[in-house]
Every structure is written in structure tokens, then in C-alpha cells.
Amino acid sequence: MHFRLDQLAKNILRDFFVLVGAAETEVEVPAGDAQRIDVWHVPDPALLRAHPEIEPGLLRSMAAEAGMVEVFSAAPGAAELHGCMRKRYQWHHTLELRAERALQLPSAWIVSAGRPDGVLRDFGFVQDASGLDGLYAGPAPGWRIHAVVIAELPRVRGTVLLRLLGAPRVRRAALRDLAALPGDAWERRVAMPWLVRLSFEVPEQLLPGLPSEERDFVMETREWFEQFTARKVAAGVEAGLKEALQEAVKEAKKEAEREAEQRARLRLTAQMCELRLGRPLTEAEIAALGERLARLQETRVAEVLLSSSAEVLATWLADPNAT
């Protein structure tokens with residue numbers, strides 16, 4: 001996925017899981033190389049019981065037990081599946097070390113916009129016992145793994161949040177379904193802030209420079225949002241909607257500007273690091289640099305850059321506890 005589409009998927013799923021437990025995105029898995037789980041969630045049974053409006057179905061099943069979710073905008077192959085399983089086993093080992101006892105293997109959900117034919121065939125996935133189209137289970141219960149093919153999910157309310165993460169045709173239908181839900185629908189509370197932000201975080205003059213898929217998504221989401229707002233305000237359906245949405249747009253733009261500044265700062269600092277090291281940074285080093293800028297602030301990072309040799313800088317980037 002491109003950056004914005006990737007973040008949309010992770011944020012929507014995280015905010016759903018937060019309704020019924022604890023959840024976070026980009027969970028770092030301790031290992032020799034940097035690995036991150038897209039979404040990690042741990043349910044709270046009391047919260048699950050407190051939200052009967054989340055109907056039984058796919059999302060509630062995903063939230064019922066601790067697990068990881070990996071999201072793919074293109075159908076994953078065998079290498080991607082093995083990568084997900086490596087992260088899961090390493091994370092399971094880390095959790096057991098922290099708990100100092102044996103723990104159940106976390107469930108794994110592979111969510112794919114397209115159908116991963118090779119993975120489904122070669123790894124023995126079968127139609128899930130629930131009978132839901134688009135949901136496949138691993139070859140035996142002990143594997144604790146499911147694959148969700150977004151393109152095959154039925155067009156029902158219980159799948160609307162997942163269908164927002166699909167290919168353009170599926171996404172457009174999901175946007176229409178989301179707009180048709182009742183005003184107090186929990187799905188709208190989860191998805192709307194992120195859709196609003198996506199619609200307006202890119203200035204008009206920068207749209208032509210985006211990759212085509214990302215640009216089309218931003219434009220169609222913006223058009224959908226404007227039409228949705230106009231219909232609701234014209235019909236007087238929701239008191240104060242216009243003001244609330246305007247405020248949401250304002251906050252989305254502010255947050256987008258902050259993130260743009262952070263990304264620009266990271267790019268500049270990464271370029272300085274590369275000059276010092278005499279080579280391009282790896283993905284793991286870029287991720288570590290972003291974490292240092294957030295945790296230690298720009299002044300400390302600049303101090304390390306200016307005072308360290310290439311060898312010392314590389315060691316500092318590789319040390320997760322560096323100060």
C-alpha cells in the first residue's frame with residue numbers, strides 16, 4: 001500500500017479494536033532485524049459485552065481473542081506469509097518471556113484486497129466453517145490463522161469497515177454503504193475521522209504528484225465526503241452536523257500539516273545520516289531514526305550526527321535503547 005492507504009487501514013482497524021479492548025499499530029517485534037506488526041489487539045471481555053451493537057460476524061470474531069492483523073493491498077505470496085508467521089512466532093516468544101509462563105499462540109489474520117490464489121492453494125486454506133464468503137481458515141485449527149479476501153466479502157453491514165480497505169470498486173461501494181448507515185452507527189464513528197482526514201490532508205496543488213492509486217482514492221473520498229455532508233445538511237438530519245464536520249476538517253488539516261513537517265524533518269535527517277555513513281539507510285535504520293526524532297527530539301539527534309563517526313552512528317541507530 002501507499003503510505004496514506006496503509007495508514008488508513010491500520011487506523012480504522014485499531015480504532016475498531018479499541019472499542020472492545022486494547023490495540024496498537026506498528027508494534028515492534030524484538031529481533032535481529034526490524035519487524036513490525038500492522039495491528040496487535042487484546043480483547044476485554046467486559047467491553048465486548050458492553051457493545052452489543054457490534055453484531056456477531058467477522059469483525060467480532062477477529063476481536064474475540066488476542067491476535068495480529070496484517071493488511072495487504074495486493075495479494076500476498078508465500079514470502080509475505082512466511083514473513084507474517086516469523087513475526088508471530090517471535091512476538092509469541094517475546095510475550096512468553098515477559099509473562100514468564102506459557103501463553104496461547106496469538107491468532108493471525110491476513111487481510112488482502114485481492115485473492116492470494118497461490119497462498120490459499122499451497123498452504124491448504126479452506127472455506128471457513130462459518131460459511132462467510134471471503135473468509136478462509138488454515139488447514140487445521142492449531143495453526144490459528146485466517147485469510148480475509150476483501151474482494152469476496154458480502155456487501156453487508158458487518159463487512160463495511162473491511163471493505164473500505166479494498167480495491168477501488170469495492171471501496172466505492174463501501175463508502176456508499178457507510179453513508180447509508182444510521183447517524184449514530186458505530187462504524188461511522190470509527191471510520192469518519194480517518195476518511196475526513198484523508199480527504200483534506202493533501203493540498204490541492206500536491207494531488208497531481210501523488211501515485212495514481214493514492215490520488216484517485218483521495219479524490220473519490222473527498223467527493224464522497226462533500227456529497228455526504230451536503231445531503232445531511234440539506235435534509236437537516238443531524239443537528240450541528242455542518243459545524244462538527246467543519247471542525248473535523250480543520251483538525252484533520254492541522255494534523256496533516258504536523259505529519260508533513262515530521263516527514264520532512266525525517267527526510268532531511270536521513271539524508272544527513274547517509275552522508276555521514278557514506279551509504280543509503282536501510283528501512284530498519286529509517287524507522288529507528290524516526291523513533292529517535294520523536295523520543296529524543298531533533299536537538300539530541302543532531303548532536304549525535306555531528307559528533308559521531310560512521311561506525312558509532314550505525315551502532316547508535318541499531319541500538320533500540322540508545323539515548
Side-chain angles (χ1 to χ4, degrees), residues 1-29 35-44 47-48 51 53-76 80-81 83-84 87-88 91 106-114 116 128 132 134-136 144-154 156-167 170-171 173-175 177-178 181 185-198 201 214 217 221 252 255 259:
M1 282 189 177
H2 298 299
F3 174 77
R4 290 181 182 84
L5 310 187
D6 186 27
Q7 289 304 116
L8 176 73
K10 295 174 186 178
N11 289 333
I12 285 179
L13 287 172
R14 180 202 57 210
D15 284 5
F16 160 68
F17 288 122
V18 165
L19 290 177
V20 292
E24 54 185 316
T25 61
E26 297 291 338
V27 176
E28 186 170 353
V29 179
Q35 302 178 83
R36 293 179 184 274
I37 296 171
D38 284 350
V39 184
W40 167 252
H41 64 93
V42 179
D44 182 331
L47 286 176
L48 271 170
H51 285 280
E53 72 276 15
I54 303 176
E55 62 185 50
L58 179 53
L59 280 175
R60 197 172 183 96
S61 296
M62 292 174 69
E65 57 184 14
M68 58 181 277
V69 182
E70 297 291 311
V71 187
F72 294 90
S73 60
E80 287 81 11
L81 182 66
C84 292
K87 283 190 286 188
R88 177 169 69 157
W91 182 237
S107 63
W109 295 82
I110 310 301
V111 178
S112 174
D128 186 71
L132 180 71
L135 178 59
Y136 299 87
R144 297 176 57 73
I145 182 171
H146 284 81
V148 179
V149 181
I150 297 175
E152 298 179 357
L153 292 175
V156 296
R157 177 172 178 173
T159 66
V160 67
L161 290 185
L162 287 167
R163 289 186 287 116
L164 287 172
L165 316 180
V170 175
R171 187 170 59 238
L175 286 170
D177 295 343
L178 185 70
L181 292 177
W186 66 269
E187 296 94 336
R188 281 172 55 178
R189 294 199 305 272
V190 168
M192 284 289 282
W194 298 111
L195 292 171
V196 169
R197 176 171 169 177
L198 178 69
E201 70 178 358
E214 192 172 358
F217 191 12
T221 306
E255 182 62 25
E259 286 202 354

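It should be emphasised that the depicted structure is a prediction, and the values quoted were computed from it without experimental measurement.
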Kindly indicate, with the supporting measurements, whether the criterion side-chain contact (heavy atoms from CB on, under 4.5 Å) is fulfilled by Leu19 and Leu47. CA-CA 7 Å; Leu19 290 177; Leu47 286 176; over 6 Å; no
Quick one: closest heavy-atom pair of Leu165 and Leu161, and the distance? CG-O, 3.7 Å
Determine whether a donor-acceptor pair (N or O, by modelled atom type, separation under 3.5 Å) exists between the side chain of Arg88 and the backbone of Met68. no
Any residue meeting salt bridge (charged side-chain N to carboxylate O under 4.0 Å, His left out) with Asp38, in chain and number order, not counting sequence neighbours: Lys10
Partners of Ala113 by side chain to side chain contact (heavy atoms under 4.5 Å, CB included), sequence neighbours excluded? none
For a quick test of reading the model, state the closest non-hydrogen atom pair linking Pro43 to Ala66 and the distance between them. CD-N, 3.3 Å
Applying side chain to side chain contact (heavy atoms under 4.5 Å, CB included), can you list everything that pairs with Pro56, at least two apart in sequence or on another chain? none
Where Val20 and Ala63 come nearest, the two heavy atoms and their spacing: CG2-CB, 3.7 Å
Under 3.5 Å, side chain of Arg36 to main-chain N/O of Thr25, donor-acceptor pair present? no
Would you give the length of the straight line joining atom OG1 of Thr159 to atom CG of Leu153, rounded to the nearest 0.5 angstrom? 5.5 Å
Leu175 side chain near Leu164 side chain, heavy-atom distance below 4.5 Å: yes
May I ask you to decide if Asp177's main-chain N or O and Arg157's side chain share a donor-acceptor pair within less than 3.5 Å? no
Contact between Ile54 and Phe16 at the side-chain level, heavy atoms closer than 4.5 Å - yes or no? yes
Heavy atoms of Val71 and Ala9 approach each other most closely as CG1-CB, 4.0 Å
Say you draw a straight line from CZ of Arg163 to CZ of Arg171; how long is it, rounded to the nearest 0.5 Å? 13.0 Å
Does the pair Arg189 and Asp15 meet the rule for a side-chain contact (heavy atoms from CB on, under 4.5 Å), with working shown? CA-CA 9 Å; Arg189 294 199 305 272; Asp15 284 5; over 6 Å; no
My understanding is that only residues two or more places apart in sequence, or in another chain, count here; which of them pass salt bridge (charged side-chain N to carboxylate O under 4.0 Å, His left out) with Glu80? none
Report the residues that fulfil side chain to side chain contact (heavy atoms under 4.5 Å, CB included) with Ser107, sequence neighbours left out, ordered by chain and then residue number. Glu65, Trp109, Arg144
Just how far is it from atom CD of Glu70 to atom CG of Leu81, taken to the nearest 0.5 Å? 10.5 Å
Calculate, to the nearest 0.5 Å, the distance between atoms CH2 and CD belonging to Trp40 and Glu26 respectively. 15.5 Å
Indicate yes or no: at least one non-hydrogen side-chain atom of Tyr136 is less than 4.5 angstrom from one of Pro116. no
Rounded to the nearest 0.5 Å, the CG atom of Leu13 sits from the CG atom of Leu162 at a distance of 6.0 Å
Taken in chain and number order and not counting sequence neighbours, the residues that satisfy side chain to side chain contact (heavy atoms under 4.5 Å, CB included) with Ala23 are Arg14, Phe17, Val18, His41
Give, for atom CG of Leu132 and atom OG of Ser61, the distance between the pair rounded to the nearest 0.5 Å. 9.0 Å
Tell me the closest heavy-atom pair linking Gly67 and Pro106, and the distance in Å. CA-CB, 4.2 Å
Locate the shortest heavy-atom distance separating Met62 from Val111; write the atom from each residue and the value. CE-CG2, 4.3 Å
